[in-house]
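Here's the structure we're looking at; comments come further down.
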Number of protein chains: 2
Amino acid sequence: MSTIHSFTEENYLKAIYHLSTGNNSVVSTNQIAEITNTKAASVTDMLKKLAEKKLINYIKYQGVTLTEAGKNAAVNIVRKHRLWEVFLVEKLGFKWDEVHDIAEELEHINSESLINRLDDFLGNPAADPHGDPIPDRSGTIHQKKLVRISDMQQDQNGTISGVSEHSSVFLKLLEKMGLTLGTKIRVSELIEFDGSIILIVNDHADRTISREVAKNILVML
Amino acid sequence: MSTIHSFTEENYLKAIYHLSTGNNSVVSTNQIAEITNTKAASVTDMLKKLAEKKLINYIKYQGVTLTEAGKNAAVNIVRKHRLWEVFLVEKLGFKWDEVHDIAEELEHINSESLINRLDDFLGNPAADPHGDPIPDRSGTIHQKKLVRISDMQQDQNGTISGVSEHSSVFLKLLEKMGLTLGTKIRVSELIEFDGSIILIVNDHADRTISREVAKNILVML
DNA sequence: TATTTTTTTTAGATTAATCTAAAAAATAAA
DNA sequence: TTTATTTTTTAGATTAATCTAAAAAAAATA
Ligand SMILES: [Mn+2]
Ligand SMILES: [Mn+2]
Ligand SMILES: [Mn+2]
Ligand SMILES: [Mn+2]
């Protein structure tokens, strides 16, 4: 099960995976270059290699999609990344804005038994510290239906369950405003002037957030 | 603090460290080639590079020693290796013969805060699952004085506290014979014929071990 | 449809880590 | 102290991953 790929190949697979689960499923060379911090020429080289290994479907000038094998490999890396993030926060006491870079390294450790034991040790968590779902050992992802606060109606209630922006500044801001995962909110008022929103947090405190912030907080209704 | 070195450089530094703390402090090109599974020519190339970076003292044809900087780097890798081994055994339930290869990968994860938090999480252990001392965060190693069973006198008592052979076959054998770390033993008889030794284990069971096995079990008197 | 702009690929180099084969130096043996 | 053996270094190649600059293809605009 699961052939070994180089550190670099894994990062490309992961990049393609994240890009293709975003909007469109076909991913372009430039998009990959952007998030892997490389140049388009380097990406083209790697795409040939990954296609050779049957991890992606690649036709010149037409973008790429992951094959089943490629997708499995990518999902496995995502699984490892997210489990390590849970470990770092739950067991070692890191803040949710501090774990991503370390998990970027840990996700490349190759040991099936390690990751499955870690999963059990953590109590088989369903989501990582940012609310992102953790694929189970068979690669299945159980994604809960979430909506952005910016898409909620007046007087609607929900529980903060994820974020769609992972930068440290954003996460620290949410922390400071008490808008962390599990927090109950109610949309109290939609400000017409600039789209900002007034929330009732945990039934009492009220907080005003900008539309930009509201767009990046995901809520379970 | 602590510059970043490549994965490969770290493995060479660690190899030199282990070789130089063994017997003689000056390490030869061939010795390094042997334990890094490379050829002498490759080692020479790397030695030039490490010397350039002032991590080793290297004079052509004369072998190498670690500089202070090189030794610090090496000790830090050893610290990480051993702490991860404790984690794998104590928290994830791996056996002591299963953890080395995984730790070989984990030891290259670079994060000072990660390793210090891990250290605290594990309760600042003094030794790894094989009894090897764990350097503290300043790099100091508190090595207990241990003797080989093969060097013990008749009727002498001690507690098994380490091994000088880390192969899986050897560790599994000790496990099967109940000669794991912390076990109390007494040398009951020294067999003249082949040098094998009869032990009293935990005050009752008696076990005969070969001289070869006795040489690789370390005891605190 | 013809032209311009953008995207992608190719060509050719570079760097890190490795190798084999040959040369040079050090060590051991005669 | 020669000669032979072993160890180490150099020379020259290779592979993976990257880059810049130029060419080719696709997409957008006029
Ligand atoms: Mn992350
Ligand atoms: Mn995450
Ligand atoms: Mn080990
Ligand atoms: Mn160990």
Side-chain angles (χ1 to χ4, degrees), chain A residues 3-16 19-20 22-66 70 73-74 77 104-105 107-108 110, chain B residues 3-16 19-20 22-66 70 73-74 77 104-105 107-108 110:
Chain A
T3 329
I4 286 109
H5 311 109
S6 77
F7 187 93
T8 314
E9 285 168 352
E10 290 192 345
N11 281 335
Y12 276 91
L13 290 171
K14 192 180 46 149
I16 296 166
L19 288 166
S20 64
N23 317 318
N24 42 334
S25 65
V26 175
V27 177
S28 77
T29 301
N30 268 351
Q31 285 179 299
I32 298 169
E34 166 110 38
I35 71 168
T36 54
N37 283 307
T38 55
K39 296 302 160 72
S42 310
V43 173
T44 300
D45 282 346
M46 181 57 77
L47 294 183
K48 287 180 192 162
K49 192 173 163 191
L50 295 175
E52 190 66 43
K53 294 192 176 189
K54 308 236 187 275
L55 294 166
I56 60 172
N57 305 113
Y58 170 55
I59 308 168
K60 262 194 198 179
Y61 294 106
Q62 317 244 133
V64 294
T65 57
L66 291 171
I77 300 162
E104 287 287 301
E105 294 195 49
E107 73 190 3
H108 300 288
N110 269 316
Chain B
T3 329
I4 286 110
H5 311 108
S6 76
F7 188 94
T8 314
E9 286 168 352
E10 290 192 344
N11 281 336
Y12 276 91
L13 290 172
K14 192 179 47 150
I16 297 166
L19 288 166
S20 63
N23 318 317
N24 42 335
S25 66
V26 175
V27 177
S28 77
T29 301
N30 268 351
Q31 286 180 298
I32 299 170
E34 166 110 39
I35 72 169
T36 55
N37 283 308
T38 56
K39 298 302 160 72
S42 310
V43 173
T44 300
D45 282 347
M46 182 56 78
L47 294 184
K48 286 179 194 163
K49 192 173 163 191
L50 294 175
E52 190 66 42
K53 294 192 175 189
K54 307 236 188 276
L55 295 165
I56 59 172
N57 305 114
Y58 170 57
I59 308 167
K60 261 194 197 180
Y61 294 105
Q62 317 246 130
V64 295
T65 57
L66 291 171
I77 299 162
E104 286 287 302
E105 294 195 50
E107 72 189 4
H108 299 289
N110 269 315

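Reckoned from all heavy atoms, side chains included, excluding hydrogens, waters and symmetry mates. Labels below follow one simple rule: chain letters A, B, ... track the order of the sequence lines, proteins then strands, and each chain is numbered from 1.
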From C-beta outward on [X], which listed nucleotide comes closest to its side chain: [options]?
| X | options | result |
| --- | --- | --- |
| B/N30 | D/dT7, C/dT18, D/dT9 | D/dT7 |
| B/Y61 | C/dT18, C/dT10, D/dT9 | D/dT9 |
| B/T8 | D/dT9, C/dT18, D/dC19 | C/dT18 |
| B/K39 | D/dT8, C/dC19, C/dT18 | C/dC19 |
| B/M46 | C/dT18, D/dT18, C/dT9 | C/dT18 |
| B/A41 | D/dT18, C/dA21, D/dT8 | C/dA21 |

Any base atoms under 4.0 Å from [X], or only sugar-phosphate, or nothing? Heavy atoms, all strands.
| X | result |
| --- | --- |
| B/F7 | nothing |
| B/T44 | base |
| A/S42 | base |

To the nearest Å, give me how far apart [atom1] ([X]) and [atom2] ([N]) are.
| X | N | atom1 | atom2 | result |
| --- | --- | --- | --- | --- |
| B/H5 | C/dA16 | NE2 | C1' | 16 Å |
| A/I32 | D/dT18 | CD1 | C1' | 16 Å |
| A/N11 | D/dA16 | CG | C1' | 15 Å |
| B/L50 | C/dA16 | CG | P | 13 Å |
| A/L47 | C/dT7 | CG | P | 16 Å |
| B/D45 | C/dA21 | CG | P | 17 Å |

Note to self: Would B/V27 and B/I56 count as a side chain to side chain contact (heavy atoms under 4.5 Å, CB included) here? Give the steps.
What the structure shows: CA-CA 11 Å; B/V27 177; B/I56 59 172; over 6 Å; no
Next item on the list: Sort out the partner of D/dT8 for me: Watson-Crick or G-U wobble, both distances under 3.5 Å, none otherwise.
Entry: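 D/dT8 is paired, partner C/dA23.
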Margin query: Return the pairing partner of D/dA30 with a 3.5 Å limit on both distances, Watson-Crick or G-U wobble; otherwise return none.
Written below: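 With both distances under 3.5 Å, D/dA30 matches C/dT1.
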Between [X] and [N], does any side-chain N or O lie under 4.0 Å from OP1 or OP2?
| X | N | answer |
| --- | --- | --- |
| A/Y12 | D/dT18 | yes |
| A/K48 | C/dT10 | yes |
| A/T29 | C/dT9 | yes |
| A/K60 | C/dT10 | yes |

Checklist line | Audit row: A/E107, A/N11, side chain to side chain contact (heavy atoms under 4.5 Å, CB included) steps and yes/no | finding: CA-CA 10 Å; A/E107 73 190 3; A/N11 281 335; 3.7 Å; yes
Check: With nearest nucleotides of DNA chain D determined for A/Q62 and B/Q31 from heavy-atom distances, which residue corresponds to the more 5′ nucleotide?
Finding: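 It is B/Q31, whose closest nucleotide lies nearer the 5' terminus.
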Next item on the list: Could you go through the side chain to side chain contact (heavy atoms under 4.5 Å, CB included) check for A/T44 and A/Y58 one step at a time?
Entry: CA-CA 10 Å; A/T44 300; A/Y58 170 55; 3.8 Å; yes
Next item on the list: Step through the shown structure and confirm whether more than 12 heavy atoms of other residues, nucleotides or ligands are within 6.0 Å of CD on A/E104.
Entry: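 Counting neighbours around CD of A/E104, more than 12 heavy atoms of other residues, nucleotides or ligands fall under 6.0 Å, so yes.
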Next item on the list: Please report the closest heavy-atom contact between B/S20 and B/S25, naming both atoms and the distance.
Entry: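 Residues B/S20 and B/S25, closest heavy atoms: CB-O, 3.3 Å.
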Notebook entry, point to check: Do A/Y12 and A/T38 pass the side chain to side chain contact (heavy atoms under 4.5 Å, CB included) test, and can you show the C-alpha distance, the side-chain angles, and the key distance before you say yes or no?
Noted result: CA-CA 10 Å; A/Y12 276 91; A/T38 55; 3.7 Å; yes
